[in-house]
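These numbers were taken from a predicted model, which means no experiment stands behind them. Atoms within a ligand are numbered from 1 in the order they appear, just like the ligands themselves. Positions are given from 1 along the sequence.
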Amino acid sequence: MIDIAGNYDFQKIKDLFSVLGPPNKTLDLFRTILSSAEDNVNEWFDSEFLKAPLARLASELGAPPSQKMLAIGAIMMAMRHHPGMARPVGGTGALVTALLNLVHTLGGTILTDRAVEKILIDEGRAVGVRVKGGTEYRAKHGVISNIDAKRLFLNLMDDSDVDEADPDLRDRLERRIINNNETILKIDCALSEPLRFEHHNHQDRYLIGSVLIADSVKQVETAHSDPAIGKIPDSDPSMYVVMPTMLDPTMAPEGKHTLWIEFFAPYQVENSQGTGLHGTGWTDELKNKVADRVIDKLADYAPNVKNAIIARRVESPAELGERLGALKGNYYHIDMSLEQMMFFRPLPELASYKTPIEGLFLSGAGTHPGGSISGMPGRNCARAFLQNQNSLTSALKGARDSIQSTVQSVFETL
Ligand SMILES: Cc1cc2nc3c(=O)[nH]c(=O)nc-3n(C[C@H](O)[C@H](O)[C@H](O)COP(=O)(O)OP(=O)(O)OC[C@H]3O[C@@H](n4cnc5c(N)ncnc54)[C@H](O)[C@@H]3O)c2cc1C
């Protein structure tokens, strides 16, 4: 808390406001944040041709564009211009490989092929993990978890260990964390040639970025509100399309291309409880039927897509959840709604990357600042972890410095 207070001293808050402008401008920004992405897009644009894909982009946060307090999705579009988006050569996996190399260089070992089944607790302290098959790994300094808080505390720990540390935690995780049932059906394709958007003044360079198929703001609204009630919005699919090989030809044989399509879909399909994979209603037949509809729609825009597909792999929301180890297929671990962001993420008592269990730390998309490939939850958690290793003396020194800087800034302000 002292460290957080140190980071947000009066001078820094004053500096922030001075960048934003005079009080009315600042208040207006807060007003915008409380509004919806749709409100925001309507305020600035008139043409549906522009508004629909922008609404779709804003809704990448995983909620309909009309949802109040999620205008931040639209505000984030500014970040796509500055600092912009980047992709490592070789694909996202290349970033992971670079991080692996770093850990190896520093003498670390990474094991990825064994699932943790239990966090080992000894006298209230996390002392290691047990993986599938029974092998135990003991921790010298502590255990850092990168999965969502619900799975961590409700599935990987004894209830009594959690209750002893915080008697309310299990109940709060169970009832207070929000998951709106929206996730992704993913289609990966190998292509013999690039897509051609013949009705839209096609130029290959358009394929370097992400392509958003969104005809109207209403269509985008349905694409995100249907999954919440278990409906599959495939009667008129909206989608996000990326052909990574246009920017990075190293990812496919010469002249060939890869394509992935993100289609928002429910994890639990309505009226299908208990059937399909994990009782979600998703079967091979259903996922392929939905994928056919999505590709039909894409063909309205890029008529050569069907002939260009050499092979495809469709991953249903249930399969995606299984592959990622994500609860209900939520690749953001928990929803990215405002009441679950910043110091509320995932719950106030877990928001500092530390947990009520000594030596157990929480990181990943389910912690601040949330999902996406930013590296920030990991960086912040590493800081909290390292700080915890510090001796009492340096902890006290850190606290003293923070208090001094806060007090100093208060007096300078007055
Ligand atoms: C189709 C799709 C497209 C996306 N596109 C983008 C994009 O363009 N840009 C972007 O920034 N973000 C994108 N995202 C979101 C982004 O991928 C995630 O938010 C991000 O990967 C979360 O990272 P993480 O490390 O916190 O968690 P995860 O990536 O979920 O990693 C958690 C890890 O824990 C492992 N695990 C789970 N349970 C256990 C267990 N019991 N024992 C051991 N290991 C376990 C999992 O196998 C996994 O490797 C996309 C997501 C999807 C699904």
J.: Examine distances only and state if a side-chain atom of Ser47 and a backbone atom of Leu50 form a donor-acceptor pair shorter than 3.5 Å.
T.: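 Yes, Ser47 side chain to Leu50 backbone: donor-acceptor pair under 3.5 Å.
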J.: Should one rank Leu324, Thr367, Asp188 by closest heavy-atom distance to atom 35 (C) of ligand 1, which comes out on top?
T.: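 Selected option, by shortest heavy-atom distance: Leu324.
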J.: To which of Tyr240, Trp260, Tyr331 does the heavy atom nearest atom 3 (C) of ligand 1 belong?
T.: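 Comparing heavy atoms across Tyr240, Trp260, Tyr331, the nearest one to atom 3 (C) of ligand 1 lies in Trp260.
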J.: I'd like to know if Arg125 pairs up with Glu358 as an ion pair, taking the criterion as any Lys NZ or Arg NE/NH1/NH2 lying under 4.0 Å from an Asp or Glu carboxylate oxygen.
T.: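 A salt bridge links Arg125 with Glu358.
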J.: Among all the protein's heavy atoms, is there at least one whose distance to atom 8 (O) of ligand 1 comes out below 4.0 Å?
T.: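 No, there is none.
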J.: Test Ser66 against every option in Lys218, Glu38, Glu221 by the side-chain hydrogen bond (donor to acceptor under 3.5 Å, both in side chains) rule and name the one that passes.
T.: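 The option that passes is Glu221.
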J.: Which of the atoms of ligand 1 are close to Ile147, meaning less than 4.0 Å from one of its heavy atoms?
T.: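 Those qualifying, in numeric order: 34 (O), 36 (N), 37 (C), 38 (N), 39 (C).
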J.: Between Thr183 and Tyr267, do the side chains contain a donor N or O and an acceptor N or O under 3.5 Å apart?
T.: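 Not at all, the side chains of Tyr267 and Thr183 share no donor-acceptor pair under 3.5 Å.
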J.: Taking only heavy atoms of Gly371 into account, list the atoms of ligand 1 that are under 4.0 Å away from them.
T.: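 Ligand 1 atoms under the 4.0 Å threshold to Gly371: 19 (O).
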J.: So which of Arg312, Lys297, Lys306 actually passes salt bridge (charged side-chain N to carboxylate O under 4.0 Å, His left out) with Asp292?
T.: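 Answer after filtering Arg312, Lys297, Lys306: Arg312.
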J.: State the atoms of ligand 1, each with its element, that fall below the 4.0 Å cut-off from a heavy-atom position in Arg151.
T.: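 Those qualifying, in numeric order: 37 (C), 38 (N), 41 (N).
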J.: With side chain to side chain contact (heavy atoms under 4.5 Å, CB included) as the criterion, how do Cys381 and Ile144 come out once you've worked through the C-alpha distance, each side chain's angles and the decisive distance to 0.1 Å?
T.: CA-CA 8 Å; Cys381 182; Ile144 299 178; 3.8 Å; yes
J.: Please verify whether a non-hydrogen atom of Ala326 lies at under 4.0 Å from ligand 1.
T.: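 Checking ligand 1 against Ala326, which is what was asked, there is no heavy-atom contact under 4.0 Å.
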J.: Heavy-atom contacts under 4.0 Å between His333 and ligand 1: side chain, backbone, both, or neither?
T.: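 Side chain only.
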J.: Starting from atom 40 (C) of ligand 1, find the nearest protein heavy-atom neighbour and note its residue, name and distance.
T.: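 Its nearest protein heavy-atom neighbour is Val116 N, 3.6 Å.
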J.: For atom 26 (O) of ligand 1, find the nearest protein heavy atom and state the residue, atom name and distance (0.1 Å precision).
T.: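 Minimum-distance protein heavy atom for atom 26 (O) of ligand 1 reads Ala365 N, 2.7 Å.
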J.: Would you say atom 42 (N) of ligand 1 touches the protein, meaning some protein heavy atom is under 4.0 Å from it?
T.: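 Within 4.0 Å of atom 42 (N) of ligand 1, protein heavy atoms are found.
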J.: Could you list which atoms of ligand 1 come closer than 4.0 Å to a heavy atom of Tyr332?
T.: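 Per the distance check, 19 (O).
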J.: Salt bridge or not for Lys256 and Glu254, using N-O below 4.0 Å?
T.: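 The answer is no: the pair does not qualify as a salt bridge.
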J.: Under a 4.0 Å N-O cut-off, is there an ion pair linking Asp204 with Arg196?
T.: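 Salt bridge: no.
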J.: Just let me know how Ile373 lines up against ligand 1, side chain, backbone, both or neither, with a heavy-atom cut-off below 4.0 Å.
T.: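 It is both parts that get close, each with some atom under 4.0 Å.
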J.: Considering Ile261, Asn146, Leu185, which one's heavy-atom position lies nearest to atom 32 (C) of ligand 1?
T.: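 Result: the heavy atom closest to atom 32 (C) of ligand 1 is in Asn146.
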J.: Can you sort out which atoms of ligand 1 are near Lys186, meaning under 4.0 Å from one of its heavy atoms?
T.: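 In order of numbering, the contacting atoms are 1 (C).
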J.: At less than 4.0 angstrom from any non-hydrogen atom of Gly364, what atoms of ligand 1 do you find?
T.: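 In order of numbering, the contacting atoms are 26 (O).
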J.: I'd like to check atom 12 (N) of ligand 1 in this structure: does the protein have a heavy atom lying under 4.0 Å from it?
T.: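 True for atom 12 (N) of ligand 1.
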J.: Out of Val290, Asp226, Leu185, which residue meets the side-chain contact (heavy atoms from CB on, under 4.5 Å) rule with Ile232?
T.: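 Going through Val290, Asp226, Leu185 one by one, the side-chain contact (heavy atoms from CB on, under 4.5 Å) with Ile232 is satisfied by Val290 alone.
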J.: Please state which option from Gly375, Ser372, Gly378, Gly370 has its nearest heavy atom closest to atom 20 (C) of ligand 1.
T.: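 That would be Ser372.
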J.: Would you call Met85 a ligand 1 contact, heavy-atom distance under 4.0 Å?
T.: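 In this structure, Met85 fails to qualify as a contact of ligand 1 - no heavy atom is under 4.0 Å.
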J.: Once you round to the nearest 0.5 Å, how far does CD of Glu48 lie from OG of Ser216?
T.: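 Going from the CD atom of Glu48 to the OG atom of Ser216 covers 5.5 Å.
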J.: Is it the case that ligand 1 has an N or O less than 3.5 angstrom from some N or O of Ala115?
T.: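 In this structure, Ala115 places no N or O atom under 3.5 Å from an N or O of ligand 1.
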J.: Under a plain distance cut-off of 3.5 Å, with no hydrogens placed, do His224 and Glu182 share a side-chain donor-acceptor pair?
T.: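 Glu182 vs His224: donor-acceptor pair found between side chains.
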J.: Before you tell me yes or no, could you show the steps for His199 and Tyr301 under ring pair (Phe, Tyr, Trp, His ring centres under 6.0 Å), namely the whole-Å CA-CA distance, both residues' side-chain angles and the distance that decides it to 0.1 Å?
T.: CA-CA 7 Å; His199 312 304; Tyr301 282 82; 8.2 Å; no
J.: Which protein non-hydrogen atom lies closest to atom 52 (C) of ligand 1, naming both residue and atom, and how far is it?
T.: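 Going atom by atom, the protein heavy atom closest to atom 52 (C) of ligand 1 ends up being Ile184 CD1, 4.0 Å.
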J.: Considering only NZ, NE, NH1 and NH2 on the basic side and carboxylate oxygens on the acidic side, decide whether Glu319 and Lys287 come within less than 4.0 Å.
T.: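 Between Lys287 and Glu319 there is a salt bridge, with a charged N closer than 4.0 Å to a carboxylate O.
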